[in-house]
*Asks:* 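Okay, here's the structure, questions in a sec.
Numbers here are sequence positions counted from 1. These numbers were taken from a predicted model, which means no experiment stands behind them.
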Amino acid sequence: MKHTESESVDWRSEGSSAPDLTTGERARELYEERIRTPFLVAWADWRTRLGALIIGGYLLVALVAVLGLWREPSTSQAPRYLMLFENMNYPLGTTASGTDLAALIIHSTPDILLMITAGAVWATGVAVAIGTLAGYKGGRVDRTLMSVSDLVMAIPGLPLVIILAVTLNPENPILLGIIINISYWAGLGRSLRSQVLTIRENDYVEASRTMGVSTPRIIVKDIIPNLMPYVTVNFVFAARYVMFASVGLYFLGVLPYSTQNWGVTLNFAYSGGALFSWSAAHWLLAPMVAIMGLSLGLILLGQGMDRVFNPRVRTRMAGESKSTATDDEDAGVTEVL
């Protein structure tokens, strides 16, 4: 059966008009696709705006600490047990030793942000690599990688973290974030593998395979973009886990008190009787509010960014689809948060 030139399928259709575009037009097309459209999708969601505002606030606080724009915390630097806003030089009050509580919160923030970022990047990065490769390749590669994942999942996570923390005595927040999430990737990798088993049967993946496209390119171009909403949600989960786990371990005294952390402040507040004294309640509330605020910002930003990676939403925002699906339907996976 013969096919005319016009009837034949051009598998390079994505770049079929590329030779006719100038450098400026290519730059504008890339700007529209990679920057403007994702920004419009994200900005259209109030959760993204509020989440970005909250996370931006924490980044500013971290910058204040890094640049030394707020005093370092030290004992006897102020009257003891000042209440909230009682003295505007110490807006969050002071502790039993006369330490500025705002200084404790501010100078803990940079390490907290580094820790949760490192832990989340480690967990999701390893999970994406293991899950996509196992799901796409199948066979012996799949069995080997999933056996390793099962072995890691069988190891009790909290005792392993405590043993590593006591043995290594980590002071670097990046190393500490990786240690806390040392085995978090295993379960996420298995979940991603299940998603890839479905995606790899799609026509466009089969077409790329038939044309001899390399495995890394298929995984990067055809499979991972379809996993991004799921990956984004789990990135937020991993970051929150690092924050809660680190605060808990510092509060219990498992991790060294060599660095500032909201968990250390909570521990000292509890030891100082803040749980039973109204005059010292602010000592306990300040780090708790800081933890809740950062967690809320991560959740809202994660929900909003999920829409950026949703192909249906991006197509509609670009004006290329007449889909009448509601925003609530597009939110879909974000509701698990």
Side-chain angles (χ1 to χ4, degrees), residues 112 114-165 167-168 170 173-201 215-216 219-220 223-249 252 254-255 291 294-296 298-303 305-306 309-310 331-337:
I112 290 282
L114 280 176
M115 192 186 307
I116 66 175
T117 303
V121 169
W122 159 264
T124 53
V126 174
V128 168
I130 297 294
T132 53
L133 187 60
Y136 178 73
K137 296 295 288 184
R140 184 178 299 175
V141 174
D142 183 21
R143 289 193 296 274
T144 302
L145 292 178
M146 288 303 99
S147 296
V148 174
S149 298
D150 293 340
L151 178 63
V152 173
M153 282 194 294
I155 301 173
L158 183 59
L160 175 64
V161 171
I162 292 176
I163 291 172
L164 290 175
T167 303
L168 301 177
I174 296 177
L175 176 60
L176 184 55
I178 293 175
I179 288 176
I180 290 174
N181 264 0
I182 191 72
S183 60
Y184 191 92
W185 61 268
L188 178 57
R190 256 206 170 277
S191 301
L192 288 172
R193 169 188 172 271
S194 301
Q195 303 278 333
V196 175
L197 288 177
T198 303
I199 295 174
R200 74 174 184 178
E201 302 300 329
T215 297
I219 290 176
V220 171
I223 293 179
I224 289 182
N226 290 283
L227 297 174
M228 286 310 295
Y230 192 76
V231 171
T232 305
V233 171
N234 282 280
F235 183 89
V236 172
F237 275 129
R240 293 173 64 218
Y241 177 80
V242 172
M243 181 173 60
F244 293 152
S246 67
V247 168
L249 292 173
L252 295 174
V254 174
L255 295 175
I291 294 168
L294 183 54
S295 178
L296 177 64
L298 288 171
I299 290 174
L300 294 175
L301 191 61
Q303 289 180 335
M305 292 305 293
D306 167 67
F309 299 110
N310 188 319
V333 67
T334 65
E335 297 303 324
V336 299
L337 286 171

*Asks:* Indicate yes or no: at least one non-hydrogen side-chain atom of Leu158 is less than 4.5 angstrom from one of Leu249.
*Replies:*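 Side-chain contact under 4.5 Å: yes.
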*Asks:* Arg190: which residues meet the salt bridge (Lys or Arg N to Asp or Glu O under 4.0 Å) condition with it, sequence neighbours left out?
*Replies:*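 In terms of salt bridge (Lys or Arg N to Asp or Glu O under 4.0 Å), with neighbours along the sequence ignored, Arg190 is linked to Asp150.
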*Asks:* Could you walk me through whether Asn234 and Phe237 satisfy the side-chain contact (heavy atoms from CB on, under 4.5 Å) test, starting with their C-alpha distance in whole Å, then the side-chain angles of each, then the deciding distance to 0.1 Å, before giving a yes or no?
*Replies:* CA-CA 5 Å; Asn234 282 280; Phe237 275 129; 4.2 Å; yes
*Asks:* Out of curiosity, Leu192 CG to Leu197 CG, how far, rounded to the nearest 0.5 Å?
*Replies:*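 Result: 11.0 Å between the selected atoms.
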*Asks:* Are any side-chain N or O atoms of Thr132 and backbone N or O atoms of Val128, one a donor and one an acceptor, separated by less than 3.5 Å?
*Replies:*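 A pair under 3.5 Å: yes.
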*Asks:* Do you know the tightest heavy-atom contact between Arg193 and Ala134?
*Replies:*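 Looking at all heavy atoms of both residues, the shortest contact is CD-CB, 4.3 Å.
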*Asks:* Measuring from atom CE of Met153 to atom CH2 of Trp185, what distance do you get when rounded to the nearest 0.5 angstrom?
*Replies:*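 One finds 8.5 Å between CE of Met153 and CH2 of Trp185.
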*Asks:* What's the shortest heavy-atom distance between Ser246 and Met115, and which atoms?
*Replies:*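 The pair with the smallest heavy-atom distance is CB-SD, 3.3 Å.
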*Asks:* Using modelled atom types and a 3.5 Å cut-off, is there a donor and acceptor pairing between side-chain atoms of Arg200 and backbone atoms of Tyr136?
*Replies:*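 Pair found, side chain donor or acceptor close to backbone of Tyr136.
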*Asks:* Between Val233 and Gln303, is there a side-chain heavy-atom distance shorter than 4.5 Å?
*Replies:*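 SC-SC contact between Gln303 and Val233 ruled out.
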*Asks:* Could you go through the side-chain contact (heavy atoms from CB on, under 4.5 Å) check for Ser183 and Val152 one step at a time?
*Replies:* CA-CA 6 Å; Ser183 60; Val152 173; 3.5 Å; yes
*Asks:* If every non-hydrogen atom of Pro173 is compared with every non-hydrogen atom of Leu114, which pair is closest and at what distance?
*Replies:*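 Nearest heavy atoms, Pro173 then Leu114: CG-CD1, 4.0 Å.
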*Asks:* May I ask you to decide whether Asp142 forms a salt bridge with Lys137, counting only side-chain N to carboxylate O separations under 4.0 Å?
*Replies:*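 Judged by the 4.0 Å cut-off on N to carboxylate O distance, Asp142 and Lys137 do not form a salt bridge.
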*Asks:* Does the Trp122 side chain pair with the main chain of Gly177, one donor and one acceptor, at a distance under 3.5 Å?
*Replies:*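 Such a contact is absent between Trp122 side chain and Gly177 backbone.
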*Asks:* Atom CD1 of Ile182 and atom CD1 of Ile163: how far apart are they, to the nearest 0.5 Å?
*Replies:*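 With rounding to 0.5 Å, CD1 (Ile182) is 13.0 Å from CD1 (Ile163).
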*Asks:* Please tell me if the side chains of Ile224 and Val231 come closer than 4.5 Å, counting only heavy atoms from C-beta onward.
*Replies:*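 They are not in contact (no side-chain heavy atoms under 4.5 Å apart), so the answer is no.
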*Asks:* Do Pro170 and Leu175 touch side chain to side chain, with heavy atoms closer than 4.5 Å?
*Replies:*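 When only atoms from C-beta onward are counted, Leu175 and Pro170 do touch, with a gap below 4.5 Å.
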*Asks:* Could you tell me if the side chain of Gln195 sits less than 4.5 Å from the side chain of Ile223, heavy atoms only?
*Replies:*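 No, every pair of side-chain atoms sits at 4.5 Å or beyond.
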*Asks:* How far apart are the C-alpha atoms of Tyr241 and Val236, what are their side-chain angles, what is the distance that settles it, and do they pass the side-chain contact (heavy atoms from CB on, under 4.5 Å) test?
*Replies:* CA-CA 9 Å; Tyr241 177 80; Val236 172; over 6 Å; no
*Asks:* Dump the intermediate steps for side-chain contact (heavy atoms from CB on, under 4.5 Å) on Leu294 and Ile116, then the final yes or no.
*Replies:* CA-CA 11 Å; Leu294 183 54; Ile116 66 175; 4.0 Å; yes
*Asks:* State, with a plain yes or no, whether a side-chain heavy atom of Val121 is found less than 4.5 Å away from one of Phe235.
*Replies:*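 The answer is yes, as the side chains (C-beta and beyond) meet within the 4.5 Å cut-off.
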*Asks:* List the atom of Ala123, the atom of Leu188, and the distance in Å for their closest heavy-atom pair.
*Replies:*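 Looking at all heavy atoms of both residues, the shortest contact is O-CD2, 4.4 Å.
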*Asks:* What closest approach, in Å, do Asn181 and Ala238 show between heavy atoms, and which atom pair accounts for it?
*Replies:*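 Heavy atoms of Asn181 and Ala238 come nearest at ND2-O, 3.5 Å.
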*Asks:* Would a 4.5 Å heavy-atom cut-off, applied to side chains only, mark Leu227 and Ile199 as touching?
*Replies:*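 Of all side-chain heavy-atom pairs linking Ile199 with Leu227, at least one is under 4.5 Å.
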*Asks:* Check Ile130 against Ser149 and note the closest heavy-atom contact, atom names and distance.
*Replies:*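 Reported closest heavy-atom pair: CG2-OG, 4.0 Å.
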